[in-house]
Amino acid sequence: MIDQGVDQLDGVGKEELASVTQIVLGMTKTSKALRIYLPNNPVLIGFISDLGTKMTVHLARYGELSLDVEQFVLRYQGVQVYENRDPKESIASRLHADGIRILFFDQGVEPAEIVAFLGVLGFERASSDDDVVTQLWERNLQHIGYLTEDDFSDPYLMTEDDTAHQQRDALERIRQSLVEQPPPAPRMIPKHLLMLTAEEEGWLRKALDVEGRCNGLDDVIGILAAIVSEVQEPEFFADFTAILGNLTVNLVVAGDIPHALKLARFLDRLQKLPITAPEQRHQLAAALAGILSDSTVEVLKVALDTSEAGFDYGELKELLLILGIPALGAICELLGRVEKLKVRKLIVEVLVELGREDPAVFEPFLNDPRWYLVRNVVLILSLIGTPAALKMILGLISHREPRIRREVLGFLERTADAKAKTYLLKYLRDESSALRVKALQVLTRERLSFALKPILALAGGDDFHDRPFEEKREIFLAMGELGQESVLPMLRDQLLKRYWFQKGNEKESVQLAVLGLGRVRSRSALQLLEEARSQKKGGEVRSVLDQAIASHPARHGAQAGRGEVAP
């Protein structure tokens with residue numbers, strides 16, 4: 001906690017006090033950053049640079065910076081500029097506990113010295129012997145000094161008058177003597193102390209081998225996850241959550257699904273913890289939602305299409321399920337672009353699972369101008385198969401894109417829902433002849449008798465003669481299959497109709513009637529064919545009738561009953 005306290009001391013200018021306050025605040029932020037950021041992190045580098053600049057400017061303008069150290073407070077010329085009563089986090093507490101009572105910084109102090117100083121304060125002590133004073137002494141910081149509680153018991157200090165001015169003079173002399181004292185000369189270590197035993201060498205080689213097999217990325221992920229799990233400051237939490245999200249995006253783009261999944265799992269679990277604050281949940285959800293986007297779909301598509309045989313598709317499926325509904329559009333887009341069949345099947349399975357409870361999540365995509373995306377959504381809805389999903393599919397029967405209507409027709413062909421089958425009739429009036437033909441084939445194959453009346457209407461319509469022959473053919477096949485004996489009068493008229501000056505039309509008329517009669521499996525149909533043959537004299541029409549009689553089901557049935565073999 002920083003206390004501005006500008007008016008607490010008349011002898012200190014507001015600008016000077018504000019400068020000191022900013023420096024102390026910068027030291028607090030940098031000390032925390034040293035614990036959570038790697039040395040090359042831009043955030044940490046920025047903190048160090050900013051603190052070094054502020055310190056240099058202050059020392060050049062006001063001279064030496066001296067801070068009085070109390071148990072939880074730092075003061076500048078009697079004015080409180082820092083307070084933190086948490087012993088584990090307080091800079092003042094760490095200094096005071098190890099006996100430091102005054103801290104001062106001289107002109108010429110380097111950022112490296114400040115970092116070394118804050119590094120000593122920012123980490124837990126490795127042992128009871130490594131106190132702050134010892135560590136600072138070992139680092140021999142030329143421009144950062146301190147006075148301890150023992151220095152105030154020096155007999156020389158005790159003889160001075162108890163005034164602030166005289167005391168500062170005495171402290172200055174002690175500080176100067178410490179600065180002028182040369183650092184101890186480096187000691188030479190005897191050579192025999194550097195030699196390893198065979199056992200030590202073996203252990204060291206094993207340690208190096210284990211370290212060589214370690215994946216640095218795993219270490220980075222572990223460190224970042226540990227930081228996000230523990231950090232409480234909103235600013236730091238937001239920074240590290242964004243870092244994790246960006247790292248996951250890069251891993252997905254690189255095709256490193258195992259590590260991307262590891263990070264996504266962590267973000268997802270942390271988001272769902274009851275102790276996670278609402279604002280933090282929002283930040284974690286945003287990080288997950290940004291992992292798969294339109295900008296990364298194409299790169300991921302290439303990575304998936306070129307993946308090797310050993311690729312773990314189960315990990316990809318789990319990752320997509322974690323990303324879930326917020327990434328639904330990107331997942332659908334990926335499905336539309338990826339070419340590898342196994343990957344497409346996997347993505348379809350993911351989308352079916354995501355939309356099973358509420359198929360309405362796919363509704364926005366049904367109006368998408370990209371037909372292939374809509375086609376994929378139709379497939380997914382058909383696999384979901386609930387009444388709600390069926391209703392959404394049927395709404396596309398009149399879609400302007402024929403390929404979408406064809407996909408819906410495919411669903412109607414596959415479904416076992418008897419009510420849905422009635423929607424096949426809508427395709428009998430579709431503007432695409434290919435779709436009309438397909439619908440007729442489905443109705444005929446599945447012998448859906450409710451279609452007979454609409455099909456008879458097609459055959460008797462004014463536009464029948466304008467239809468392609470393939471479509472006419474399917475109409476008569478459907479008539480015969482669905483109508484059986486009931487359509488014989490109509491087929492007889494078609495078969496015996498005379499075209500005195502239009503032989504081509506007569507041939508087509510006979511061909512269509514023969515197709516219908518071939519599906520009527522009764523003796524009456526066979527007799528009608530024989531009657532027509534007796535009236536048609538020679539030519540192509542007679543040949544068509546001969547073939548129809550020879551292959552009619554009723555003729556084969558009669559021969560089989562007599563033990564005869566059909567010619």
Side-chain angles (χ1 to χ4, degrees), residues 1-2 15-69 74-77 81-82 84 89-96 98 100 102-126 130-148 172 175-176 178-184 186 220 223-224 227 231 233 235-236 239-240 243:
M1 173 178 141
I2 302 298
E15 292 184 1
E16 181 179 356
L17 187 59
S19 176
V20 175
T21 302
Q22 289 301 314
I23 289 172
V24 175
L25 177 61
M27 288 195 294
T28 304
K29 290 169 58 178
T30 306
S31 176
K32 290 182 179 180
L34 284 168
R35 285 182 289 173
I36 58 179
Y37 289 111
L38 295 174
N40 62 347
N41 187 277
V43 176
L44 175 59
I45 293 172
F47 284 171
I48 294 171
S49 175
D50 184 58
L51 176 58
T53 300
K54 289 177 179 177
M55 182 70 79
T56 300
V57 171
H58 179 89
L59 295 176
R61 182 177 298 174
Y62 303 108
E64 177 190 273
L65 170 59
S66 177
L67 297 172
D68 296 326
V69 181
L74 295 179
R75 296 184 186 276
Y76 178 71
Q77 297 189 23
V81 292
Y82 172 88
N84 188 336
E89 297 291 335
S90 176
I91 292 177
S93 179
R94 290 294 306 275
L95 292 167
H96 190 274
D98 286 341
I100 295 178
I102 295 180
L103 185 67
F104 43 84
F105 299 85
D106 281 337
Q107 292 188 39
V109 64
E110 297 289 340
E113 293 181 90
I114 299 175
V115 170
F117 168 72
L118 295 176
V120 171
L121 297 185
F123 293 91
E124 296 292 332
R125 285 177 285 181
D130 294 330
D131 58 18
V132 172
V133 174
T134 301
Q135 293 186 63
L136 291 177
W137 178 80
E138 289 175 346
R139 282 159 178 76
N140 190 29
L141 306 176
Q142 295 294 317
H143 300 90
I144 301 177
Y146 55 86
L147 293 177
T148 67
E172 174 61 23
R175 184 190 65 78
Q176 190 62 35
L178 291 174
V179 171
E180 294 173 355
Q181 181 179 354
V220 171
I223 291 170
L224 290 173
I227 291 171
V231 69
E233 293 85 348
E235 179 183 355
F236 288 154
D239 287 345
F240 277 100
I243 290 171

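All values below were derived from every heavy atom in this structure, side-chain atoms included, with hydrogens, water molecules and symmetry-related copies excluded.
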Q: Would you check, one step at a time, whether the test side-chain contact (heavy atoms from CB on, under 4.5 Å) holds for Asn84 with Ser93?
A: CA-CA 8 Å; Asn84 188 336; Ser93 179; over 6 Å; no
Q: Decide if the gap between the ring center of Tyr82 and the ring center of Tyr76 is smaller than 6.0 angstrom.
A: no
Q: May I ask you to decide if the ring planes of Phe117 and Phe105 are parallel, tilted or perpendicular, using 30° and 60° as cut-offs?
A: perpendicular
Q) How far apart are the closest heavy atoms of Ala116 and Leu141, and which atoms are they? A) CB-CD2, 4.0 Å
Q. In this structure, are over 12 heavy atoms from other groups packed under 6.0 Å from Glu15 atom CD?
A. no
Q. Strictly by modelled atom types, are Gln142 and Asn140 linked by a side-chain donor-acceptor pair under 3.5 Å?
A. yes
Q: Look up atom OG1 in Thr30 and atom CG in Leu44, then write down how far apart they are to the nearest 0.5 Å.
A: 7.5 Å
**Q.** salt bridge (charged side-chain N to carboxylate O under 4.0 Å, His left out) against Glu89, all qualifying residues, sequence neighbours excluded
**A.** Arg35
Q: Would you please test Val69 and Leu74 for side-chain contact (heavy atoms from CB on, under 4.5 Å) and show each step?
A: CA-CA 5 Å; Val69 181; Leu74 295 179; 3.9 Å; yes
Q | Spatial distance of atom CD (Glu16) from atom CG (Leu65) [nearest 0.5 Å] | A | 9.0 Å
Q. Which atoms form the tightest heavy-atom contact between Glu64 and Asp106, and what is the distance?
A. OE1-OD1, 3.3 Å
Q: For Glu233, enumerate each residue passing the side chain to side chain donor-acceptor pair (under 3.5 Å) test, keeping only those at least two apart in sequence or located in another chain.
A: Lys32
**Q.** Minimal non-hydrogen separation, Ile102 against Ser66, with atom names
**A.** CG2-OG, 3.6 Å
Q. At their closest point, which heavy atom of Leu136 faces which heavy atom of Ile100, and how far apart are they?
A. CD1-CD1, 4.0 Å
Q: Kindly compute the distance separating CG (Leu67) from CD (Gln77), expressed to the nearest 0.5 Å.
A: 10.0 Å
Q | Separation of Phe47 CZ from Met27 CE (nearest 0.5 Å) | A | 14.5 Å
**Q.** Residues forming a side-chain contact (heavy atoms from CB on, under 4.5 Å) with Lys54, sequence neighbours excluded
**A.** Gln22, Ile23, Asp50
Q: Could you give me the CA-CA distance, side-chain angles and deciding distance for Val20 and Tyr62, then say whether side-chain contact (heavy atoms from CB on, under 4.5 Å) is met?
A: CA-CA 10 Å; Val20 175; Tyr62 303 108; over 6 Å; no
Q: Might you work through the side-chain contact (heavy atoms from CB on, under 4.5 Å) test for Ile48 and Ile114, ending with a clear yes or no?
A: CA-CA 8 Å; Ile48 294 171; Ile114 299 175; over 6 Å; no
Q) From Gln135 CD over to Leu121 CG, what is the distance, rounded to the nearest 0.5 angstrom? A) 9.0 Å
(Q) Quick check: do Ile45 and Tyr37 have side-chain heavy atoms less than 4.5 Å from each other? (A) no
Q.
For Lys29, give me all partners under side chain to side chain donor-acceptor pair (under 3.5 Å), at least two apart in sequence or on another chain.
A. none
Q. Atom NE2 of His96 and atom CG of Asp68: how far apart are they, to the nearest 0.5 Å?
A. 11.0 Å
(Q) So, using side chain to side chain donor-acceptor pair (under 3.5 Å) as the criterion, who are the partners of Ser19 when residues are at least two apart? (A) His58
Q.
Test of understanding: with side chain to side chain donor-acceptor pair (under 3.5 Å), list the residues that count as partners of Asn41, not counting sequence neighbours.
A. none
